[in-house]
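Just so it is clear, the values below take in all heavy atoms, side chains as well, and ignore hydrogens, waters and symmetry mates. These figures come from a predicted structure and were not determined experimentally.
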Amino acid sequence: MERERTRKRPRLAWDVAPPTVLEPQLALPVPGDEGIERKHASPPRRDDDREGHYVFNLGENLTPRYKILGKMGEGTFGRVLECWDRVTREYVAVKVVRSIRKYRDAAMLEVDVLQHLAKNDRGNSRCVQIRNWFDYRNHICIVFEKLGPSLFDFLKRNKYCPFPVDLVREFGRQLLESVAYMHELRLIHTDLKPENILLVSSEYVKLPSYKRVSSDETQFRCLPKSSAIKLIDFGSTAYDNQNHSSIVSTRHYRAPEIILGLGWSYPCDLWSVGCILIELCTGEALFQTHENLEHLAMMERVLGPIPEPMIRRSNKGAEKYFKRGSRLRWPEGAISRESINAVKKLGHLKDIISRSVDSSRSSLTDLLHGLLSYDPTKRLTALQALDHPFFRNPT
């Protein structure tokens with residue numbers, strides 16, 4: 001049986017624009033109205049489910065302040081609920097973390113990072129804004145501004161039709177600005193991916209596609225009305241001066257130095273940015289793999305041989321991927337014929353971009369080579385990438 005190559009990761013659902021009627025049956029209090037406690041009581045206590053998730057019904061309150069309107073997403077950390085904030089009179093997204101020690105601890109680290117980002121914000125940060133946080137029935141709850149769908153969700157809704165290169169340029173510029181801002185504060189995101197980049201608005205326009213399904217039926221694709229995006233999910237963010245875990249990043253966006261056990265720092269975020277830009281241009285993740293040797297073989301197929309000095313410095317765990325003489329143990333080390341074919345299917349970076357992008361091909365390819373440099377010391381920084389001709393001189 002062929003191995004399924006789809007990505008099994010939690011997704012945020014496509015976000016429908018909220019209704020315009022704002023709880024007309026409620027006499028909405030102004031900030032500071034203590035009557036809110038009496039008027040909107042919390043539901044009776046219930047046991048959490050077996051995984052430690054908070055159990056709720058739609059329309060209930062999450063503390064007297066927040067009314068639960070729906071579930072926006074779910075992940076290993078917990079659930080994201082759409083709520084109505086009775087004090088500020090706005091829709092918010094509340095991340096309700098599982099009542100398990102390691103997730104509670106991670107949530108408090110995320111709160112620390114979010115507050116650090118907000119405190120230093122000069123007004124144009126591309127990072128999601130924290131509104132509030134509280135501990136409710138042993139669940140850390142983090143309140144965020146409500147945003148639109150993720151870039152991955154937009155691609156999925158569009159049947160993986162890629163974004164136009166001019167839109168990718170705008171997304172890339174904002175993403176690099178947010179990464180530069182984090183790196184300036186000595187923070188490394190470590191989990192950059194299209195799922196963690198949200199459009200600010202849910203609004204979109206529907207345009208006819210170039211492809212026709214039949215002579216009398218036109219295929220449509222959606223484009224966001226606004227290119228504004230914000231970065232989310234700082235649960236894996238690390239300070240540069242703290243001890244770093246050995247494995248970070250979602251597989252498809254993981255830098256080679258992590259796989260080879262060479263340690264990691266700021267450059268791992270820039271590798272992820274390079275992978276993201278290619279995915280936005282082509283509609284597909286570049287390295288669709290679930291195994292290290294295949295991943296390294298895919299990298300060599302797209303970018304050429306891994307530098308020997310990096311291979312020589314790799315840790316004991318990575319030695320098994322190479323023969324003597326620093327050559328990758330491929331294809332003899334492949335786990336299946338399907339794995340070999342998956343690597344063969346890939347082409348050189350220039351060819352991948354040429355198949356999907358008409359204008360700005362050469363400058364985009366040059367930028368991507370800088371972001372996807374094997375050697376992290378030679379990889380572009382976020383500020384260097386922002387100064388690249390792809391962003392400075394669009395053609």
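Between the CD1 atom of I278 and the CG atom of L368 there is a distance of 4.5 Å, given to the nearest 0.5 Å. Taking NZ of K156 as the reference point, atom CD of E195 lies at 9.5 Å (rounded to 0.5 Å). Here the SG-CH2 distance, from C141 to W133, works out to 10.0 Å after rounding to the nearest 0.5 Å. Of the inter-residue distances, the one linking T381 atom OG1 with L371 atom CG reads 9.5 Å to the nearest 0.5 angstrom. Between the CG atom of L296 and the CZ atom of F287 there is a distance of 9.5 Å, given to the nearest 0.5 Å. Atom CD1 of I142 and atom NE2 of H139 lie 13.5 Å apart (nearest 0.5 Å).
Looking only at side-chain heavy atoms (C-beta outward), L176 and L270 come within less than 4.5 Å of each other. Contact of the R312 side chain with the S326 side chain is registered, since non-hydrogen atoms from C-beta on lie closer than 4.5 Å. Using a 4.5 Å heavy-atom cutoff, the side chains of V302 and H348 are not in contact. By the 4.5 Å heavy-atom criterion applied to side chains, D135 and R104 are counted as neighbours.
Between D85 and R89 there is no salt bridge, since no side-chain N of the basic residue sits under 4.0 Å from a carboxylate O of the acidic one. A salt bridge does not link K159 to E284: none of the charged side-chain nitrogens sits closer than 4.0 Å to a carboxylate oxygen.
E60 and N57 form a side-chain donor-acceptor contact under 3.5 Å, judged by distance and modelled atom types alone. H295 and R251 are linked by a side-chain donor-acceptor pair at a separation below 3.5 angstrom, with hydrogens and angles left out of the test. Side-chain atoms of T250 and K193 include a donor-acceptor pair closer than 3.5 Å. Donor-acceptor pairing under 3.5 Å is recorded for the side chains of N292 and Y321.
At least one donor-acceptor pair closer than 3.5 Å links the side chain of H244 to the backbone N or O of Y239. For the pair H189 (side chain) and D233 (backbone), a donor-acceptor distance under 3.5 Å is present. Side-chain atoms of Q129 come within 3.5 Å of backbone N or O of C127 as a donor-acceptor pair. When atom types are taken as modelled, the side chain of R329 and the backbone of K320 share a donor-acceptor pair closer than 3.5 angstrom.
Counting non-hydrogen atoms of other residues, nucleotides and ligands closer than 6.0 Å to CZ of R101 gives a total of 12 or fewer.
A cation-pi arrangement is absent between K225 and Y204 under the rule of less than 6.0 angstrom and at most 45 degrees off the ring axis. In this structure, K95 fails the cation-pi test against F144, since its NZ or CZ atom is not both closer than 6.0 Å to the six-membered ring centre and inside 45 degrees of the ring normal.
In this structure, F171 has its ring center no closer than 6.0 Å to that of F154. Y266 and H183 have their aromatic ring centers within a separation under 6.0 angstrom. Ring centroid separation for the pair Y66 and W84 does not come in under the 6.0 Å cut-off.
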* Hey, mind stepping through S360 and R169 against side chain to side chain donor-acceptor pair (under 3.5 Å) and telling me if it holds? -> CA-CA 10 Å; S360 306; R169 182 182 286 109; 2.7 Å; yes
* Go through K350 and D366 one step at a time and tell me if the salt bridge (Lys or Arg N to Asp or Glu O under 4.0 Å) criterion holds. => CA-CA 9 Å; K350 183 176 75 172; D366 186 71; over 6 Å; no
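Note on V343 and Y374: same hydrophobic cluster, where clusters join Ile, Leu, Val, Met, Phe, Trp and Tyr whose side-chain heavy atoms are under 4.5 Å apart, directly or indirectly. Note: the hydrophobic cluster containing L380 also contains L192 (ILVMFWY, side chain heavy atoms under 4.5 Å, direct or indirect links).
Between F56 and Y54, the ring planes lie parallel to each other; the angle is under 30°, not in the 30° to 60° tilted range.
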